[in-house]
Amino acid sequence: MSTLQKLFNDDQVFAHPTEGVWGLGCNPFSEVAVNNLFSLKKRPRNKGIIILTGNEDHLTLFLKHLTKDQKKAFFLKSPGPHTWLIPTNDEIPTWLQGDSGLVAVRLSLHPDVIRITNELKNPICSSSANLSGEKPAMNKLDIKKIFGRDLHIVDGELGKLNKPTPVQELTTGTWIRK
């Protein structure tokens with residue numbers, strides 16, 4: 001079992017590269033892991049968290065209840081550096097939803113995200129590698145300064161975005177972050 005798989009299975013948080021900024025990741029299906037991520041970031045639990053994967057097959061649970069038109073809209077900008085806020089269903093854990101009752105989902109083309117999620121055979125939770133309200137980490141040194149030497153950092157390179165991905169609500173088209 002790889003170090004990453006062990007961390008994932010043991011409800012631990014790890015840093016990983018994304019399209020624009022370093023992220024903190026964990027097992028989205030473990031409430032303990034997600035709470036660990038929120039605690040590490042000092043992030044309010046009423047804010048949602050992104051479900052991130054590079055493998056469309058990992059999103060069945062999150063997309064199966066969408067209408068044909070909603071799925072079509074989702075795939076207009078997916079895969080790619082675009083995060084959608086989508087309606088939830090009864091099978092999506094409540095700890096993945098913010099106050100909005102929506103869940104954030106991104107199907108990525110980033111090679112390291114694809115590699116990580118394929119290795120884990122699962123999507124991951126992802127949130128920018130920062131303390132809540134602070135600037136995101138842009139390199140491994142920043143991550144160590146913010147979170148200490150013990151946080152595992154998955155090898156890889158940031159994409160070319162240089163900022164967090166845009167976030168848009170699927171059903172209304174409303175932009176949350178451009």
Side-chain angles (χ1 to χ4, degrees), residues 8 13-31 33-35 37-38 41 43-130 132-133 136 154 156 158-178:
F8 186 83
V13 177
F14 51 87
H16 63 90
T18 72
E19 298 90 343
V21 298
W22 281 87
L24 295 177
C26 71
N27 181 349
F29 302 109
S30 165
E31 188 172 9
V34 174
N35 283 335
L37 191 150
F38 277 111
K41 281 184 62 85
R43 180 179 171 99
R45 283 173 173 70
N46 65 329
K47 292 192 169 192
I49 193 151
I50 296 171
I51 301 302
L52 175 64
T53 188
N55 185 331
E56 183 180 332
D57 294 339
H58 296 163
L59 296 179
T60 302
L61 168 70
F62 301 95
L63 303 181
K64 68 182 184 179
H65 63 288
L66 298 181
T67 67
K68 185 193 270 188
D69 287 344
Q70 289 171 330
K71 286 179 184 174
K72 184 177 177 183
F74 180 89
F75 287 107
L76 283 176
K77 296 180 181 176
S78 297
H82 191 86
T83 301
W84 287 106
L85 288 175
I86 64 172
T88 63
N89 65 45
D90 291 342
E91 296 176 60
I92 296 173
T94 55
W95 59 83
L96 298 177
Q97 306 167 34
D99 285 345
S100 67
L102 302 173
V103 65
V105 176
R106 182 164 77 248
L107 178 58
S108 179
L109 285 171
H110 188 279
D112 291 320
V113 171
I114 293 168
R115 175 180 53 83
I116 291 164
T117 56
N118 281 339
E119 177 182 335
L120 295 172
K121 298 179 178 60
N122 270 295
I124 60 174
C125 274
S126 185
S127 185
S128 56
N130 63 334
S132 190
V154 178
L158 291 181
K160 306 285 188 232
L161 198 57
N162 295 322
K163 64 178 185 176
T165 59
V167 179
Q168 189 175 13
E169 195 174 319
L170 182 68
T171 55
T172 65
T174 302
W175 289 94
I176 308 305
R177 179 175 69 205
K178 279 192 171 186

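- A distance of 4.0 Å separates CH2 of W84 from CD of Q168, quoted to the nearest 0.5 Å.
- Annotation: side chain of W95 is not in contact with side chain of N35 (no heavy-atom distance under 4.5 Å).
- Side-chain contact check for S132 and R43: no donor-acceptor pair (N or O, by modelled atom type) lies under 3.5 Å.
- Of all heavy-atom pairs between E91 and K64, the closest is OE2-NZ, 2.8 Å.
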For this session: I would like to know whether Q70 and I86 meet side-chain contact (heavy atoms from CB on, under 4.5 Å); could you show each step before the answer?
Result: CA-CA 9 Å; Q70 289 171 330; I86 64 172; over 6 Å; no
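- Using a 4.5 Å heavy-atom threshold, the side chains of V154 and D112 count as separate.
- Panel note: side chain N89, backbone L61; a donor-acceptor pair is recorded below 3.5 Å.
- By the 4.5 Å heavy-atom criterion applied to side chains, I116 and F8 are not counted as neighbours.
- The shortest distance between side-chain heavy atoms of H58 and N118 falls below 4.5 Å.
- A distance-only check finds a donor-acceptor pair linking the side chain of R177 to the backbone of T165 [under 3.5 Å].
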Problem set entry | CA sep, side-chain torsions, deciding dist, call: L85, V167, side-chain contact (heavy atoms from CB on, under 4.5 Å) | CA-CA 7 Å; L85 288 175; V167 179; 3.8 Å; yes
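- By the 4.5 Å heavy-atom criterion applied to side chains, V105 and T83 are not counted as neighbours.
- Side-chain contact check for L102 versus T171: every heavy-atom pair is 4.5 Å or farther apart.
- Between W175 and H82, the ring-plane angle classifies as perpendicular under the 30° and 60° cut-offs.
- Distance check: N130 CG to W22 CH2 gives 14.5 Å after rounding to the nearest 0.5 Å.
- Between G48 and F38, the shortest heavy-atom contact is O-CZ, 4.4 Å.
- Looking at L59 and I51, their side chains come closer than 4.5 Å, going by heavy atoms from C-beta outward.
- Between G159 and H110, the shortest heavy-atom contact is N-NE2, 3.4 Å.
- Under the 3.5 Å distance criterion, the side-chain polar atoms of T117 are matched with a main-chain donor or acceptor of G54.
- Residues L66 and P87 approach most closely at CD2-CD, 3.8 Å, considering heavy atoms.
- Expressed to the nearest 0.5 Å, how far CZ of F62 lies from CG of L96 amounts to 6.0 Å.
- Between atom CG of residue L109 and atom CD1 of residue I114 there is a gap of 6.0 Å, rounded to the nearest 0.5 Å.
- Contact annotation: the side chain of S126 approaches that of H16 to within less than 4.5 Å [non-hydrogen atoms, C-beta and beyond].
- Once rounded to the nearest 0.5 Å, the distance linking CZ of R45 with CG of D99 reads 13.5 Å.
- With rounding to the nearest 0.5 Å, the separation of CG in L107 from OG1 in T53 is 7.0 Å.
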Exercise. What do the steps show when you test T18 against S108 for side-chain contact (heavy atoms from CB on, under 4.5 Å), and what is the final call?
Worked result: CA-CA 9 Å; T18 72; S108 179; over 6 Å; no
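- Counting all heavy atoms, side chain and backbone alike, C26 lies closest to L37 at SG-CD1, 3.8 Å.
- Here the side chain of K41 pairs a donor or acceptor atom with the backbone of S128 at under 3.5 angstrom.
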